[in-house]
Amino acid sequence: MAKPMSEIAEKLAAVQARIEVVARRAGRDPHTITLVAVSKTKPITAVEAAYAAGQRDFGENRIEELCEKVDQARVLGLDEIRWHLIGPIQSRKTGMAVGPFALLHAVDRVKIAERLSRDASAAGCVLSVLLEVNISGEATKHGFSPAEMANCAGQLVTLPGIQIQGLMTMAPLVEDAEMTRPVFRSLRTLRDELVTTHPTWNWPHLSMGMTNDFEVAIEEGATLVRIGSAIFGERG
Ligand SMILES: *Cc1c(COP(=O)(O)O)cnc(C)c1O
């Protein structure tokens, strides 16, 4: 008899099914959307359960917790994980972000980009990053304003230690996910405008959409969705 699926495996499968349905409905290939399972505050056993169910991309929002999980995963032999740092990096911690990470999603200031580039160059590597844009303009949110982004992107693409692969945003937390659509659409439009004016920039990625709003984000072009509670349960 088949072993009963863990609760995490079941929730993961449900999220994957929802991604597939909405992608097809929007006329998109589901394989062009990467599910980043956000394991922040959850124990490594939760990561292990999702990994056993085939999940490979995991996200953490704090650099310390990310490094801790990377070590724990290594001990457990979860060797195929691609780790994503989805939260902002403080300027004195950019050195910690030079590590075995697939993608840094939330580079939110010129100073951080410059320091990351400097630290990566010193270590002889190039970091894959996304630039976080504060589309909604909420004071509590990190990121470049769209105007700032348009102004400094040209300078940021010349930094040798980072490779910019696209943009990231966080939508406001609202009851009705439909309300987030203009935010996601604006991020996509901003990216499209920037690459149209700079055809050499290869910015394929839009990291947008969380548990409450990932379906709308996929309809608006998300290539990376960052989903925590729908997979691992509510955080305490
Ligand atoms: C926590 C977090 C998520 C996941 O949030 P859920 O609502 O649990 O899916 C996504 N992105 C960032 C930046 C986060 O900090």
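Just follow the structure's listing: the first ligand is 1, and inside any ligand the first atom is 1.
- In terms of modelled atom types and a separation under 3.5 Å, the side chain of Ser145 and the main chain of Glu148 share a donor-acceptor contact.
- Taking the ring centre of Tyr51 as origin, the terminal cationic atom of Arg56 falls inside the region bounded by 6.0 Å and 45° from the ring axis.
- Results of the side-chain contact (heavy atoms from CB on, under 4.5 Å) test with Leu127 over Leu159, Leu116, Leu103 single out Leu116 as the only residue that passes.
- Side-chain contact annotation: Glu114 with Gln155, donor-acceptor N/O pair under 3.5 Å present.
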What are the distances between nitrogen or oxygen atoms of ligand 1 and protein nitrogen or oxygen atoms, counting only those under 3.5 Å?
| unit_1 | atom_1 | unit_2 | atom_2 | d |
| --- | --- | --- | --- | --- |
| ligand 1 | 8 (O) | Ser229 | N | 2.8 |
| ligand 1 | 8 (O) | Ser229 | OG | 2.7 |
| ligand 1 | 8 (O) | Arg235 | NH1 | 2.8 |
| ligand 1 | 8 (O) | Arg235 | NH2 | 3.1 |
| ligand 1 | 9 (O) | Thr211 | N | 3.0 |
| ligand 1 | 9 (O) | Thr211 | OG1 | 2.6 |
| ligand 1 | 9 (O) | Gly228 | N | 2.8 |
| ligand 1 | 11 (N) | Arg226 | NE | 2.9 |
| ligand 1 | 15 (O) | Lys40 | NZ | 2.7 |

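- Using a 3.5 Å distance cut-off with no hydrogens or angles, the side chains of Thr34 and Asp57 do not pair a donor with an acceptor.
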In a table with atom names and distances, give each donor-acceptor pair under 3.5 Å that connects a side chain of residues 164-175 to protein atoms at least two apart or in another chain.
| unit_1 | atom_1 | unit_2 | atom_2 | d |
| --- | --- | --- | --- | --- |
| Gln165 | NE2 | Ser128 | OG | 3.2 |
| Gln165 | NE2 | Gln163 | OE1 | 3.2 |
| Thr169 | OG1 | Val133 | O | 2.6 |

